[in-house]
Amino acid sequence: MKIFNLTAVAIAALCSVADLSAGQNPISSANSTETPAATFDAQATFNNRCAHCHDGSVAKAPHQIKFQLIGAKAIESALNEGVMATYASDLTRNEIKTLAAYLGGESIARIPVKRCEATEIPAVKPVTAGWSLSKQGTRFIPADVAQLSKNVLGDLQLKWVFAYPGATRARSQPSPFGNALLVGSQDGTVYALNLEDGCTHWTYSADAEVRSALAINETGTRAYFGDIRGTVYAIDPSNGTEIWRARADAHPDTTLTGSPTLHQDKLYVPLSSTEWGSAADPGYSCCTFRGGVVAFDAANGEKLWTTYAIPQTPAATGRNNEAGSPLFHPAGAPIWNSPTIDPKRNQLYVGTGEAYTSPAADTSDSVLAIDLTTGKIVWHYQSLSGDAWNMACFIGGGANCPEEDGPDLDIGAPPILVSVDGQDRVIAGQKSGHVFALNPDNGELIWRKKIGRGGFAGGIHWGLAAQGTTIFAPNADTTFTGRFKGPRSPGLYALSAVDGKIMWYTPAPEVCEPNDRPACDPGLSAAATAIPGVVFAGAFDGHLRAYDSSNGEILWDFNTNAEFASVSGETAAGGSIESDGPVIYRGHVLINSGYLFGDRMAGNALLVFAPPTDR
Ligand code: HEC
């Protein structure tokens with residue numbers, strides 16, 4: 001029984017709607033040690049008093065598909081003291097908490113974390129750079145940082161598992177900080193976890209879900225991240241004290257999915273949005289969000305410049321045919337990847353997503369080069385023109401669906417800057433299944449290769465990796481929607497940055513049971529990570545694998561789609577591996593597992609592997 005009466009196709013479009021039926025939410029069923037409102041029926045309450053306004057029939061009421069993006073915390077405050085308090089005035093605080101957790105797709109069970117004795121950790125120079133692990137976007141971790149070689153992979157053992165309290169997805173990539181890991185979570189808590197035993201040194205509570213990785217400055221005195229509601233934070237990584245916070249953009253649907261990149265004294269923050277979901281409401285005036293990059297003074301959070309991916313301000317162009325709501329144009333081109341830095345040319349690179357309204361802007365599905373000082377767009381390369389899409393194309397009657405109706409093929413993976421015989425190249429991957437190389441001086445195409453059929457969840461979805469001139473491309477080619485037809489080739493590819501030639505391809509092993517589909521899928525959508533000689537990549541089906549970089553042979557394979565005892569003694573649930581990628585640090589392999597979003601397999605686990613220490 002689902003609270004949201006959506007078609008499989010709509011769910012498949014990464015629309016963020018969870019299957020919240022009790023039997024299919026492993027976390028709430030596994031961990032319901034504490035039931036704040038045992039006799040309270042959240043689904044019936046929603047159906048009786050909320051659904052008639054939040055099903056797309058009332059203008060301005062966010063469509064229920066957005067509740068998971070809004071998150072339990074914000075829903076709870078809307079019901080307690082916000083705009084929705086009228087409709088919940090006779091509910092107890094506990095009932096409101098239960099309802100909010102249910103609608104927000106979060107588990108209500110609060111798992112205690114194991115505290116460390118030390119609440120303060122020493123400031124150290126970071127050895128990896130933000131989400132992309134290097135400023136060039138390579139996701140390559142050098143030998144002295146990884147401290148893990150090919151020949152010990154067979155000895156890897158699960159060392160400890162952290163259960164993110166209350167979470168149904170785990171997607172903030174851990175950032176190494178000395179002997180600790182800094183990581184965000186679904187309920188907005190940022191944790192400093194001890195690398196050796198997973199105890200918690202300190203926590204910081206952000207206002208909403210933190211999906212980004214933390215970017216730490218050179219002196220180890222500041223860590224930066226963003227939340228799903230568009231707030232950027234600077235905290236002290238030693239103790240979690242807040243230093244500054246700032247709103248990234250005035251648009252109410254702004255969300256920060258891509259991690260900020262720190263370079264010298266500036267913080268570059270990519271702007272994405274949840275407006276594609278707002279558009280499902282026929283009464284919503286679609287659409288006014290433009291993707292972009294904001295540069296902040298890293299010291300104090302002062303905004304230095306904002307560059308929108310679409311230069312023109314959206315203007316009313318007519319009315320939608322159902323509710324008569326004004327339509328705006330141009331809009332979209334969200335940026336949900338971490339900016340890549342090119343110090344030589346004083347520019348950064350980002351990829352943009354689809355347009356939200358018709359006709360599609362000519363900077364949608366593009367790679368942009370932006371001047372680091374002025375914010376000026378130096379060049380753009382549009383990989384796919386005419387791609388306009390939003391959630392109204394699947395639900396809500398379609399009033400706001402642009403006539404192009406997709407195919408929704410964003411460039412979601414951060415571009416990579418590599419050098420080929422002394423010549424720099426920008427390598428990008430797209431949800432269409434294309435990998436391509438551009439000239440960083442002018443954005444001209446050097447080569448382009450299609451490695452997969454593509455789809456809403458990739459093709460190439462979250463991240464490529466590179467070692468030297470070898471590019472590793474995880475391909476998802478998920479069946480999910482049924483919309484993308486033709487042969488699929490999920491798995492890991494290695495391509496030459498010189499000419500795009502495929503050096504090897506390792507198909508994703510098929511491990512899902514037919515009954516587990518479509519949530520279980522062999523596709524590789526999460527970002528890959530390379531260390532010398534080895535590349536790591538995780539799959540929707542929960543398998544984390546290590547591949548031989550020279551020939552693609554699978555050297556190690558671990559199924560994270562299972563339950564584990566966590567460091568606090570509670571059960572941690574693994575599920576799909578999606579979005580962020582593995583981190584290899586001081587002989588440890590770190591991976592998040594669980595991703596209840598777009599109907600993938602829920603979970604709340606951070607798994608840490610290492611060879612036994614007594615060797
Ligand atoms: C009579 C129609 C109506 C009913 C009933 C209703 N809502 Fe709303 N809801 C709205 C409208 C309209 C808005 C937008 C309000 C605004 O933006 O000022 C909204 C906004 C919200 C928001 C977003 C709040 C924010 O701060 O952005 C949430 C969450 C929400 N409603 C949840 C609920 C829940 C849960 C219930 C049932 C207990 C409920 N609503 C009942 C019409 C309704």
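What you see below is based on every heavy atom in this structure, not just the backbone, and it leaves out hydrogens, waters and symmetry mates. This one's a predicted model, so the numbers in the text were calculated from it and none came from an experiment.
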How long is the straight-line distance from OH of Tyr268 back to CD1 of Ile370, given to the nearest 0.5 Å? 10.5 Å

Tell me whether the count of non-hydrogen atoms from other residues, nucleotides or ligands lying under 6.0 Å of NZ in Lys450 goes above 12. yes

Side-chain donor/acceptor of Asn337 to backbone N/O of Gly351, under 3.5 Å: yes

Is the closest side-chain heavy-atom distance between Leu271 and Trp336 below 4.5 Å? no

Geometric cation-pi criterion, Arg290 with Tyr308: 6.0 Å, 45°: yes

Between Asn475 and Asp477, do the side chains contain an N or O donor and an N or O acceptor separated by less than 3.5 Å? yes

Run the numbers on Ser432 and Arg453 for side-chain hydrogen bond (donor to acceptor under 3.5 Å, both in side chains), then give the verdict. CA-CA 7 Å; Ser432 59; Arg453 178 186 65 189; over 6 Å; no

Report the C-alpha distance between Trp389 and Phe456 in whole Å, list the side-chain angles of each, state the deciding distance to 0.1 Å, and finish with yes or no for ring-ring contact (aromatic ring centres under 6.0 Å, His included). CA-CA 11 Å; Trp389 180 88; Phe456 285 100; 5.6 Å; yes

Measure from the side-chain N and O atoms of Glu275 to the backbone N and O of Cys286, and report whether any donor-acceptor pair falls under 3.5 Å. no

Main chain of Gly258, side chain of Ser338: is a donor-acceptor contact present, judged purely on distance under 3.5 Å? no

Spacing of Asp408 atom CG and Met391 atom CE [to the nearest 0.5 Å]: 10.0 Å

Applying the side chain to side chain donor-acceptor pair (under 3.5 Å) test to Asp253, which of Ser273, Ser278, Ser272 qualifies? Ser278

Please name the pair of heavy atoms, one in Ala466 and one in Phe140, separated by the smallest distance, quoted to 0.1 Å. O-CB, 3.2 Å

For Arg545, is there any backbone N or O sitting under 3.5 Å from a side-chain donor or acceptor partner on Asp557? no

Locate the shortest heavy-atom distance separating Gly443 from Leu438; write the atom from each residue and the value. O-CD2, 3.7 Å

Per side chain to side chain contact (heavy atoms under 4.5 Å, CB included), Tyr493 is matched among Leu464, Thr506, Ile451, Ile460 by Ile451

Minimum heavy-atom separation for Val583 to Pro174, with atom names? CG2-O, 3.6 Å

How far does OG of Ser383 sit from CD1 of Ile411, to the nearest 0.5 angstrom? 5.0 Å

Under the side-chain hydrogen bond (donor to acceptor under 3.5 Å, both in side chains) rule, what do Thr363 and Gln382 come out as? Steps first, then yes or no, please. CA-CA 6 Å; Thr363 43; Gln382 187 172 40; over 6 Å; no

Gap between atom OG1 of Thr138 and atom CG of Leu133 - 0.5 Å precision: 7.5 Å

Thr352 side chain vs Ser366 backbone, donor-acceptor pair below 3.5 Å: yes

Can you tell me if Glu510 has over 12 outside heavy atoms packed within less than 6.0 Å of its CD? yes

Using 4.0 Å as the upper bound for N to carboxylate O, is an ion pair formed by Arg229 and Glu209? no

Could you please spell out the steps behind the ring-ring contact (aromatic ring centres under 6.0 Å, His included) verdict for Phe436 and Tyr381? CA-CA 11 Å; Phe436 52 91; Tyr381 167 81; 5.2 Å; yes

Could you tell me whether the side chain of Met503 reaches within less than 4.5 Å of the side chain of Ser550, counting heavy atoms only? no

OG1 (Thr340) and CG (Leu348) are apart, to the nearest 0.5 Å, by 8.5 Å

Show, in sequence, the C-alpha distance, side-chain angles and deciding distance for His434 and Lys449, and conclude whether the side-chain hydrogen bond (donor to acceptor under 3.5 Å, both in side chains) test is met. CA-CA 5 Å; His434 287 97; Lys449 183 97 185 172; over 6 Å; no

Say whether Gln68 and Arg169, considering side chains only, have a donor N or O and an acceptor N or O under 3.5 Å apart. yes

Would a distance-only check, ignoring hydrogens and angles, find a side-chain to backbone donor-acceptor pair under 3.5 Å from Glu404 to Ser358? no

Between the CD1 atom in Ile554 and the CH2 atom in Trp556, the distance rounded to the nearest 0.5 Å is 12.0 Å

Is a side-chain donor or acceptor of Asn604 paired with a backbone partner of Tyr164 at a separation under 3.5 angstrom? yes

Keeping the roles fixed (side chain from Thr261, backbone from Pro339), state whether a donor-acceptor pair exists under 3.5 Å. yes

Lys NZ or Arg CZ of Arg600 over Phe540 ring: under 6.0 Å, within 45°: yes

Correct closest heavy-atom pair for Asn390 and Pro402 would be ND2-CD, 3.5 Å

In the structure I gave you, are the side-chain heavy atoms of Pro490 and Thr478 within less than 4.5 Å of one another anywhere? no

Glu354 and Asp410: which non-hydrogen atoms are nearest, and at how many Å? OE1-OD2, 3.1 Å

Close side-chain approach of Leu256 and Ile228, heavy atoms under 4.5 Å: no

Could you walk me through whether Phe225 and Trp131 satisfy the ring-ring contact (aromatic ring centres under 6.0 Å, His included) test, starting with their C-alpha distance in whole Å, then the side-chain angles of each, then the deciding distance to 0.1 Å, before giving a yes or no? CA-CA 10 Å; Phe225 59 94; Trp131 192 90; over 10 Å; no

Do His461 side-chain atoms and Leu524 backbone N/O form a donor-acceptor pair below 3.5 Å? no

Sorted by chain and residue number, the side-chain hydrogen bond (donor to acceptor under 3.5 Å, both in side chains) partners of Thr255 (sequence neighbours excluded) come out as none

Verdict with supporting geometry, Arg139 and Gln467, side-chain hydrogen bond (donor to acceptor under 3.5 Å, both in side chains): CA-CA 9 Å; Arg139 300 192 58 83; Gln467 178 180 5; over 6 Å; no

Give a yes or no on whether the backbone of Ser212 and the side-chain of Ser259 come within a donor-acceptor separation of less than 3.5 Å. no

Return the minimal non-hydrogen interatomic distance between Pro440 and Tyr349, and the atom names on each side. CB-OH, 3.2 Å

